[in-house]
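Below: one structure, written as structure tokens.
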Protein chains: 2
Amino acid sequence: MTRRKVSNTLALALLGLLRERPMHPYEMASTLRERHKDGSFKINSGSLYDTVESLARHGWIEPVSTERAGKRPERTVYALTELGEGEFVGWIDELIRTPVAEHPKFLAAVSYLGALGRERAADALAERAGRLRRQCEDIRAVLAATVGSGRVPRLFMIEVECALHSLEAESAWTEQTIAEIRGGGLEWPA
Amino acid sequence: MTRRKVSNTLALALLGLLRERPMHPYEMASTLRERHKDGSFKINSGSLYDTVESLARHGWIEPVSTERAGKRPERTVYALTELGEGEFVGWIDELIRTPVAEHPKFLAAVSYLGALGRERAADALAERAGRLRRQCEDIRAVLAATVGSGRVPRLFMIEVECALHSLEAESAWTEQTIAEIRGGGLEWPA
DNA sequence: AATCGTATAGTAGGATCCGACTAATAGAGG
DNA sequence: CCTCTATTAGTCGGATCCTACTATACGATT
């Protein structure tokens with residue numbers, strides 16, 4: 001009972017791009033960055049090439065040509081296969097329907113918040129809260145510059161809205177918890 | 001500029017446990033599960049032993065004895081070192097202060113929500129919403145049975161509250177997005 | 001008393017991931 | 001027109017992680 005053959009979500013991003021047109025790996029990465037998809041996918045040149053190879057091995061994409069400009073390394077252009085197209089949609093469907101447990105680092109740290117002591121805990125949370133606020137602003141700016149100006153359909157940036165929503169929630173929890181610590185509403189056992 | 005020597009947050013969990021008393025690896029894992037920390041840390045027997053070894057290699061913990069019960073494999077009991085204690089607190093502080101980009105699978109899928117088409121997207125989101133609601137209820141039940149009954153100090157389960165808060169936020173976003181899709185408030189380009 | 005399921009305890013080997021590196025070209029600045 | 005930096009493009013080796021597996025003990029059931 002082998003799980004899904006390729007599980008890295010970067011693969012999902014690549015499949016999605018190749019639905020538009022064939023590309024070579026480096027172009028996939030830069031296109032994703034241009035479109036601000038680097039918040040939703042971890043784009044790392046190391047794993048990029050591994051992932052492309054793995055997709056090709058499973059027949060979800062295939063090389064269609066190789067080009068060469070000057071003395072630069074040869075670039076292999078890949079295209080989506082029919083198999084890949086089907087897997088793409090099925091995979092998304094599954095990812096949406098079934099929540100999977102993630103283990104964010106913040107949660108790990110919060111588990112031992114007590115170890116910092118009241119003062120330092122409140123301090124650290126306050127610093128985080130500030131950074132979260134700035135991150136939210138940055139994201140709002142991106143949304144304003146794209147969807148806000150009507151240049152990009154909202155659906156194409158919907159995951160950015162989703163990320164913003166969850167950042168805002170984290171921000172709210174953080175502020176509220178600081179208040180409870182400082183206000184004494186949260187007991188602090190030894 | 002060396003990165004942090006051990007980066008897996010499971011290591012953080014282990015350090016935290018060993019602050020109470022020395023334990024052998026299997027006991028660490030089962031204690032964490034008992035305390036419902038398996039929502040905040042990914043506990044996997046494979047990585048457990050790797051992580052313990054890595055912590056020992058860096059001198060954050062050290063073997064203090066080996067015991068044997070019957071013909072079972074020998075168990076090595078580890079204790080926290082002073083170095084480990086310091087790193088523990090410093091690590092938590094850093095994790096709290098500095099948000100790091102996580103890349104939840106859901107966000108990846110939402111990035112290509114368009115590929116499902118209106119109907120199917122709303123459907124899939126609705127299924128997720130249902131599961132999220134059930135998860136929230138489960139968590140509330142755990143909180144009621146522990147903190148609610150006064151048997152466990154609230155600070156010891158604070159990360160569960162945090163996780164609940166973020167699940168609720170995701171839940172809300174999901175419901176709201178379903179409504180926008182079904183109500184036509186969200187444009188659906190080809 | 002033989003069998004079944006579950007808890008205890010850990011190992012081995014491969015898949016995956018990633019940081020650090022190489023190397024060529026284009027364009028900016030002096 | 002020469003150097004410097006940024007961008008383009010990709011490789012490589014090792015660290016990490018996890019799945020699947022081994023093996024014993026113990027209580028309950030037939």
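In what follows, chains carry the letters A, B, and so on, assigned in the order in which the sequence lines appear, proteins first and then strands, with residues in each chain numbered from 1.
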Between [atom2] on [N] and [atom1] on [X], what's the gap in Å once rounded to a whole number?
X	N	atom1	atom2	answer
Arg75(B)	dT8(C)	CZ	C1'	9 Å
Leu10(B)	dT16(D)	CG	C1'	12 Å
Glu102(A)	dC17(D)	CD	C1'	16 Å
Arg33(B)	dT8(C)	CZ	P	9 Å
His58(A)	dA15(C)	NE2	C1'	10 Å
Arg57(B)	dG14(D)	CZ	P	14 Å

For this session: Please test Arg19(A) against Glu82(A) for salt bridge (charged side-chain N to carboxylate O under 4.0 Å, His left out), starting from the C-alpha separation and ending with a verdict.
Result: CA-CA 10 Å; Arg19(A) 273 170 27 118; Glu82(A) 254 174 74; over 6 Å; no
Problem set entry | Close residues, residues 39-54 of chain B, relative to DNA chain D [heavy-atom separation under 4.0 Å] |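 Close to the strand are Lys42(B), Asn44(B), Ser45(B), Gly46(B), Ser47(B), Asp50(B).
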For this session: List in numerical order all residues of residues 21-29 of chain A for which some heavy atom is under 4.0 Å away from an atom belonging to DNA chain D.
Result: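 Contacting residues: His24(A), Tyr26(A).
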For this session: List in chain and number order the residues that pass ring pair (Phe, Tyr, Trp, His ring centres under 6.0 Å) with Phe88(A), two or more places apart in sequence or in another chain; answer none if no residue qualifies.
Result: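 With neighbours one apart ignored, the set is Tyr112(B).
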Exercise. With Tyr49(B), which residues qualify under ring pair (Phe, Tyr, Trp, His ring centres under 6.0 Å), at least two apart?
Worked result: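 Checked Tyr49(B) against ring pair (Phe, Tyr, Trp, His ring centres under 6.0 Å); zero matches.
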Exercise. Thr81(B) side chain to Trp60(B) main-chain N or O, any donor-acceptor pair under 3.5 Å?
Worked result: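 Between the backbone of Trp60(B) and the side chain of Thr81(B) there is a qualifying donor-acceptor contact (under 3.5 Å).
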Exercise. Do the non-hydrogen side-chain atoms of Leu48(A) and Asn44(A) ever get within less than 4.5 Å of each other?
Worked result: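 Not in contact.
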For this session: Taking only the side-chain nitrogens and oxygens of Asn8(A), find out if one of them lies under 4.0 Å from OP1 or OP2 of dT16(C).
Result: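 Result: no.
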For this session: Name all residues meeting the side chain to side chain donor-acceptor pair (under 3.5 Å) criterion together with Arg33(A); count only those two or more places apart in sequence or in a different chain, and write none if there are none.
Result: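 In terms of side chain to side chain donor-acceptor pair (under 3.5 Å), with neighbours along the sequence ignored, Arg33(A) is linked to no residue.
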For this session: Any salt bridge (Lys or Arg N to Asp or Glu O under 4.0 Å) involving residues 135-150 of chain A? Give me the pairs, sequence neighbours left out, ordered by first then second residue.
Result: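 The answer is Arg140(A)-Glu168(A).
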Exercise. Atom CG of Leu12(A) and atom OG of Ser7(A): how far apart are they, to the nearest 0.5 Å?
Worked result: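 Nearest 0.5 Å value for the CG-OG distance: 11.5 Å.
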